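Bear in mind that the values here come from a model prediction, so they are computed numbers and not experimental data.
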Amino acid sequence: MRISVGLFSIFKKTDAATQPNPGDDDEAARLAANSELERQQQQARQREIARATAMKIDAIESAMTFDIFNEPEPAWGSQRAARPARPKAAAHADGGPDTEALADIPTTLLLRDDDLPQLAVAAETAPVVEEIAILYANGQAAVAEQLLSASLADANGDRTVWWMLFDLYQVGGQRDRFDNLSIDYASTFETSPPPWNAPAALAAASPGWAGLTPTEAFAGTLDPHIAAQLERLRLAAADSPLLRLEFSRVTAVEPAGCALLLDALRKLQARQRELILVGADGLAALIRDGIAIGRRDDTEAPWLLLLELLQLLNREKEFEETGMDYCVTFEVSPPSFVAPHKVATATAQRPAASVSAAPDRFMLPPQLEGQLGPLLGQIQHYADQYQTLVFDCSRLTRIDYACANQLHASLAPLGKKIEFRDVNHLVTALLRLLGYADIARIYPHKY
């Protein structure tokens, strides 16, 4: 019985009884060539899929509209409306996906806002994410950073660990590492990285403060009628170091209203009050639409308010360009840019879709460790006043395991609608692990 030498050439084996055969080298070369060809074909297919997906993502980003991207951030634990089943891409004869069929899938089905939480839910339940959440909650930020960095390569397109690492660098004020991660993020996902926000700086402004945040929501036309709202803010500033101004429902501006708001913003900053501005970018766009270079109106107020908003939004380049336009129009020197202090901004959301439009928000402190103590009494007093409890977590950098369990135990029996807003992704992972999604909606901040 003769054994084919080709078999041994495949498995790199030799037999002492078998004489060398010149055909062995040819057979090995042929198999190696076939293997290399298959590898190259597989890589080509993967590149085609990646390009098709990237084109779809680019199409979404280029078509950003208010209706699509300014919905409130999806909540963990919220009910999702049924949606059509996704069409499956046909397969090539060689078993790879048909990229032409993939390209024919509608953009809204390829990537939708409400799909992203579903992907993140799966990631949030991953053991490594839960381990990182616990480590961070217990104050082991350095170990959490190591695990997050090591997990980036295995993320498989999921961005949860990226967002957690971005939050870790923001909380720690590590700007250089944040910028380096931003470069890798942009290269990996072919999209803009998250902006630097530095919540730690805001948290340091009033570290021990927690409670109801005085809020004024402006709507309709920004005109002299806002004087009453601004007076309420002035009075509230006497007792609260933190104030929230919402502009998402402003539809038009008048010079007199601009002058009033400009004066109020300057006075609040002079009193060292921390400001949370919602929809300030939209208000700036409205003002810009109503002014023109070289056209002098009755007052400079709209121009000056626009410059003030750009400064509060920390848009230095846009501030300088608008300042030059202001200089040309009024032939006076423009204000100098000063980096904002004690100012946080948030993207405007569609008010009609927000469950929490009516109740005041309860601001949680920057850190919760050990025992909640007097904070429990404040939360209970808040719960006695409102049917919907909205906890603002925009300054909350960390909550430890014990406090998170204590807070859950105090909220679960209330039987009220509960929301946690603007939660960083490290805290979000811990809250999910501890079952908060069963009693509340958790809205992680959007990146």
Side-chain angles (χ1 to χ4, degrees), residues 58 61-70 186 191-197 216-227 229-230 233 243-270 273 275-351:
D58 289 342
E61 292 181 344
S62 65
M64 290 176 69
T65 62
F66 184 89
D67 290 337
I68 296 176
F69 287 92
N70 285 296
T191 188
S192 299
W196 173 259
N197 191 31
E216 286 296 334
F218 301 88
T221 302
L222 206 67
D223 59 18
H225 290 94
I226 67 171
Q229 291 178 279
L230 296 177
L233 281 174
L243 303 167
R244 181 183 179 90
L245 289 75
E246 299 185 357
F247 304 109
S248 54
R249 291 184 291 173
V250 175
T251 56
V253 297
E254 291 184 0
C258 291
L260 288 173
L261 180 58
L262 175 65
D263 181 63
L265 289 174
R266 288 176 172 175
K267 288 180 177 177
L268 291 174
Q269 291 179 87
R273 292 301 179 261
L275 303 179
I276 299 177
L277 306 180
V278 182
D281 51 347
L283 177 58
L286 277 176
I287 298 172
R288 188 179 293 281
D289 289 342
I291 60 178
I293 302 174
R295 189 189 74 202
R296 293 193 182 186
D297 298 317
D298 295 336
T299 174
E300 303 172 358
W303 283 87
L304 294 175
L305 178 58
L306 175 58
L307 288 168
E308 186 74 15
L309 292 173
L310 293 176
Q311 184 167 260
L312 294 176
L313 290 166
N314 202 23
R315 297 181 182 175
E316 184 173 2
K317 181 179 179 181
E318 195 173 346
F319 176 94
E320 299 294 349
E321 293 173 348
T322 304
M324 291 301 298
D325 295 339
Y326 169 81
C327 177
V328 169
T329 301
F330 293 97
E331 299 180 358
V332 295
S333 299
S336 299
F337 181 83
V338 179
H341 181 56
K342 295 186 179 181
V343 177
T345 58
T347 304
Q349 299 171 357
R350 181 180 296 177

Using only atom types and a distance under 3.5 Å, with no angle test, would you say the side chain of [X] pairs donor to acceptor with the backbone of [Y]?
X	Y	value
Glu246	Phe218	no
Asp223	His225	yes
Gln311	Leu307	no

Next item on the list: Give the C-alpha distance, both sets of side-chain angles, the deciding distance and a yes or no for side chain to side chain contact (heavy atoms under 4.5 Å, CB included) between Glu308 and Gln269.
Entry: CA-CA 11 Å; Glu308 186 74 15; Gln269 291 179 87; 2.8 Å; yes

Got a list of side-chain donor-acceptor pairs under 3.5 Å for residues 322-331, not counting sequence neighbours?
from, atom 1, to, atom 2, distance (Å)
Thr322, OG1, Arg288, NH2, 3.0
Thr322, OG1, Glu318, O, 2.9
Tyr326, OH, Glu300, OE1, 2.7
Thr329, OG1, Gly294, N, 2.9
Thr329, OG1, Asp325, O, 2.8

* Run the numbers on Leu286 and Val250 for side chain to side chain contact (heavy atoms under 4.5 Å, CB included), then give the verdict. => CA-CA 9 Å; Leu286 277 176; Val250 175; 4.0 Å; yes

- request: May I ask you to check whether over 12 heavy atoms, not counting those of Asp289, lie within 6.0 Å of atom CG?
  value: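 Counting neighbours around CG of Asp289, more than 12 heavy atoms of other residues, nucleotides or ligands fall under 6.0 Å, so yes.
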
task = Check whether any side-chain heavy atom of Leu262 sits under 4.5 Å from a side-chain heavy atom of Leu265, and report yes or no.
result =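 No, every pair of side-chain atoms sits at 4.5 Å or beyond.
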
Problem set entry | Note, Asn314 side chain near Trp196 side chain (heavy atom, < 4.5 Å) |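 No - every pair of side-chain heavy atoms lies 4.5 Å or more apart.
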
- Determine, step by step, whether Val278 and Phe247 satisfy the side chain to side chain contact (heavy atoms under 4.5 Å, CB included) criterion, reporting the C-alpha distance in whole Å, the side-chain angles of both residues, the deciding distance to 0.1 Å, and the verdict. CA-CA 6 Å; Val278 182; Phe247 304 109; over 6 Å; no

Which distance, rounded to the nearest 0.5 Å, do you find between the [atom1] of [X] and the [atom2] of [Y]?
X	Y	atom1	atom2	value
Glu320	Leu310	CD	CG	10.5 Å
Leu260	Leu222	CG	CG	8.5 Å
Trp303	Asp297	CH2	CG	9.0 Å
Arg296	Ile291	CZ	CD1	14.5 Å
Glu216	Leu245	CD	CG	7.5 Å
Thr299	Leu304	OG1	CG	7.5 Å

Please report the closest heavy-atom contact between [X] and [Y], naming both atoms and the distance.
X	Y	answer
Pro302	Pro255	CG-CA, 4.1 Å
Ile226	Gly257	CD1-O, 3.5 Å
Ala217	Arg249	CB-NH2, 3.5 Å

_Stepwise side chain to side chain contact (heavy atoms under 4.5 Å, CB included) check, Val253 with Thr221_ = CA-CA 5 Å; Val253 297; Thr221 302; over 6 Å; no

